[in-house]
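Since we're looking at a predicted model, the values are computed, not measured.
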Amino acid sequence: MNRAFAVLVVLAAAFFAPAKGWNWATATFYGGSNAAGTMGGACGYGNLFQAGYGTNTAALSPSLFNGGASCGQCYLIMCNHQASQWCKKGRTVTVTATNLCPPNWARPSNSGGWCNPPRQHFDMAQPAYEQIGMYKAGIIPVLFQQVKCYRQGGLRFKIGGFNNFELIMITNVGGSGSLRSVSVKGTKTGWIPLNRNWGANWQCNSPLVGQELSFAVTSSGGQTLYIYNVVPSWWRFGMVFSTYHQFQY
């Protein structure tokens, strides 16, 4: 992608006001045709198939990533065909935020530094990108809006950490897709508020080994779920526990 074309893409988009509820951004792709290179990432989900997210995923620029608070959120994206010939007109795709697209301060924001703040940019898994844009374009102007996430099944809790340090990762989050707060309760404790450690991981520094665990989770949309005794007393670090509980907003 040469610099002149990239600048033209961004300038062309500026001439058109987005419809209400939509926002301007740009999009590139990574991870290969099978999205193998998108596994892991700054949200901590690891294998995105096992986490329930598949290949319709994206890494967000820091302006959208919000320090990990956006992990799990869903975005409806379409290519702006008014500003680029490389769009697949009329096509949209919904992606889940699973990674951070870091700044590249060695490059200008209009020529390679696509994720430099304050730009809003999606580095999409290649299979998701190719649903709305042509491979040879490299970068396309897009319109996006945050939308409700629809998941199969309920929330999943993975217990990481060691000894008296627990790192709780919660995946397959529906509704608003992301979490505002998390608390845990053991059979020998009251409710303990957790702090976001990184990405979708929440930290607890209390001894919980050998106790059944319950969780109170609040979505970024404001819905609170109380999920009692989802983790049995025989849990071990690294285990994942599924529920039938799911957010609506």
Using modelled atom types only, decide if a donor and an acceptor are shared between the side chain of [X] and the backbone of [Y] within a distance under 3.5 Å.
{"X": "Ser84", "Y": "His81", "result": "no"}
{"X": "Gln120", "Y": "Ser63", "result": "no"}
{"X": "Asn47", "Y": "Gln50", "result": "yes"}
{"X": "Ser61", "Y": "His121", "result": "yes"}
{"X": "Arg156", "Y": "Asn172", "result": "no"}
{"X": "Gln246", "Y": "Gly153", "result": "yes"}
{"X": "Lys148", "Y": "Gln248", "result": "yes"}
{"X": "Ser214", "Y": "Asn229", "result": "yes"}
{"X": "Asn205", "Y": "Glu166", "result": "no"}
{"X": "Thr243", "Y": "Leu155", "result": "yes"}

With the side chain counted from C-beta on, respond yes when [X] and [Y] share a heavy-atom pair under 4.5 Å apart, and no when they do not.
{"X": "Ile77", "Y": "Ile132", "result": "yes"}
{"X": "Thr171", "Y": "Phe157", "result": "no"}
{"X": "Trp198", "Y": "Cys43", "result": "no"}
{"X": "Thr189", "Y": "Gln211", "result": "yes"}
{"X": "Leu179", "Y": "Val173", "result": "yes"}
{"X": "Phe144", "Y": "Val95", "result": "no"}
{"X": "Gln203", "Y": "Phe165", "result": "yes"}
{"X": "Phe162", "Y": "Leu167", "result": "no"}

Donor + acceptor pair across side chains of [X], [Y] (<3.5 Å):
{"X": "Arg151", "Y": "Thr96", "value": "yes"}
{"X": "Ser220", "Y": "Ser178", "value": "yes"}
{"X": "Glu212", "Y": "Thr187", "value": "no"}

Between [atom1] on residue [X] and [atom2] on residue [Y], distance to nearest 0.5 Å:
{"X": "Leu76", "Y": "Thr92", "atom1": "CG", "atom2": "OG1", "answer": "5.0 Å"}
{"X": "Tyr129", "Y": "Cys79", "atom1": "OH", "atom2": "SG", "answer": "7.0 Å"}
{"X": "Gln146", "Y": "Ser176", "atom1": "CD", "atom2": "OG", "answer": "7.0 Å"}

With a 6.0 Å cut-off (strictly less than), is the heavy-atom count around CZ of Phe237, excluding the residue itself, greater than 12? yes

Give a yes or no on this: more than 12 heavy atoms of other residues, nucleotides or ligands lie within 6.0 Å of atom NZ of Lys185. yes

Can Tyr30 and Asn99 be said to form a side chain to side chain donor-acceptor pair (under 3.5 Å), step by step? CA-CA 11 Å; Tyr30 79 116; Asn99 201 356; 3.3 Å; yes

Begin from the C-alpha positions of Asn34 and Gln126 and carry the test side chain to side chain donor-acceptor pair (under 3.5 Å) through to its verdict. CA-CA 8 Å; Asn34 63 356; Gln126 185 176 330; over 6 Å; no

Evaluate Met39 against Phe49 for side chain to side chain contact (heavy atoms under 4.5 Å, CB included), listing each step before the verdict. CA-CA 9 Å; Met39 301 297 121; Phe49 293 100; 3.7 Å; yes

Please name the pair of heavy atoms, one in Ile140 and one in Gly133, separated by the smallest distance, quoted to 0.1 Å. CD1-CA, 4.0 Å

Testing the basics here: between Val217 and Ile227, what is the closest heavy-atom pair and its distance to 0.1 Å? CG2-CD1, 4.3 Å

Can you say whether the rings of Tyr226 and Trp191 are parallel (under 30°), tilted (30 to 60°) or perpendicular (over 60°)? perpendicular

Taking a hydrophobic cluster as the set of Ile, Leu, Val, Met, Phe, Trp and Tyr residues connected by side-chain heavy atoms closer than 4.5 Å, whether directly or through intermediates, do Met239 and Leu213 fall within one such cluster? yes

Given Ile168 and Asn201, is the side chain to side chain contact (heavy atoms under 4.5 Å, CB included) satisfied, shown in steps? CA-CA 5 Å; Ile168 313 298; Asn201 289 280; over 6 Å; no

